[in-house]
Amino acid sequence: MSIADELARLFDFFGSLVCHQLRERTLFIGGRYLPVCARDTGAFLGLLIGYMLVFAFRRKEAKGPPNLYMILGMTLPLVLDGFGQALGFWASTNDVRLFTGFLFGAALAPMLVYALSLSSLKDMAVVKRFIPQDAVLDDEMSWLSAKALSLGVVISMALFAAVRLLDGSENEFFYWIISTPIVSGIIAHFFILPVLLCSAYIKKLLSRH
Amino acid sequence: MLLQYLISMLIAQEEWLIWGGLGLFCLIPLIWFIIAILLCIWVYRDAESRGMNGVLWLIIVLIAGILGLIIYLIVRKDKRSSSGAPPPPPS
């Protein structure tokens, strides 16, 4: 077994921890199935778009949450598609799953970063640079504007088109370029972040006593 | 070569991988579950403090998750206006 096969197996293992990995719902890129299904592929790549938006367009002086109407508009399609399919109203397609995943991920990342400013992690040096220091949920000035989130929608559409074009390709390079950020996203969000949150909370509790 | 050796070793330890994976698989949802419960409690208390139906919003957030939370943040009333008291005069 080559190193590539072994690494792909490891990626599949991480994917299996968070995803059903049904073959008919998973994209086939670079001669391999991706570690997660189409919806999760979109969501994890969308998270990257969201983090880039936060990095580039956050308003450092603003205290209010990211534009909630845009966030709602971007998360609603995935939830509607998921529920509609689960309840048997319609059968979704991989294209719809992928695209709604992209939008969901791009909206989730700013919300997640903003939520960190309300958590015990807000004093952590790495996090401190990117979160509003005095987050106020009622503040009308959005920390991430509707314009910035609209740009996220456009980037999501472009990336969706790119990934869609790669579906079925045999060039292994594309498998790695897409699956590496996905697996990194799984590790960061499902392993590192919860552990950091817990440890920061425990540290805060201990410092009180 | 070192990377190949490390990955081969990791894959070869099937038992370790399975048990370690299962352990994490149980731990991580548990942590997220606790976070979700804390979020529901916050929504309930916040809604009640604003004169809204806390139980209703708790159920909505419990069922709809993040979508319910976003809808709650959009529709929740202003704390000052829900109290019914007139705003303080400007000083």
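Residue numbering restarts at 1 for every chain, and letters A, B, ... go by the order of the sequence lines.
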* Ion pair check, Asp138(A) and Arg76(B), cut-off under 4.0 Å -> yes
* Asked: Among Val79(A), Leu108(A), Leu193(A), Leu72(A), which residue forms the greatest number of heavy-atom pairs with chain B at distances under 4.5 Å?
  -> Leu72(A)
* Asked: Looking at Arg97(A) and Asp40(A), does any basic side-chain N land under 4.0 Å from a carboxylate oxygen?
  -> no
* Select one option (side chain, backbone, both, neither) describing which atoms of Ile66(B) are under 4.5 Å from chain A's heavy atoms. => side chain
* For Arg58(A), which residues count as a salt bridge (Lys or Arg N to Asp or Glu O under 4.0 Å) partner, sequence neighbours excluded? -> none
* **Most chain B-contacting option - heavy-atom pairs closer than 4.5 Å, from Leu78(A), Leu137(A), Leu76(A)** => Leu137(A)
* Considering only NZ, NE, NH1 and NH2 on the basic side and carboxylate oxygens on the acidic side, decide whether Asp46(B) and Arg50(B) come within less than 4.0 Å. => yes
* To do: Let me know if Tyr201(A) has heavy atoms under 4.5 Å from chain B in its side chain, its backbone, both or neither.
  => neither
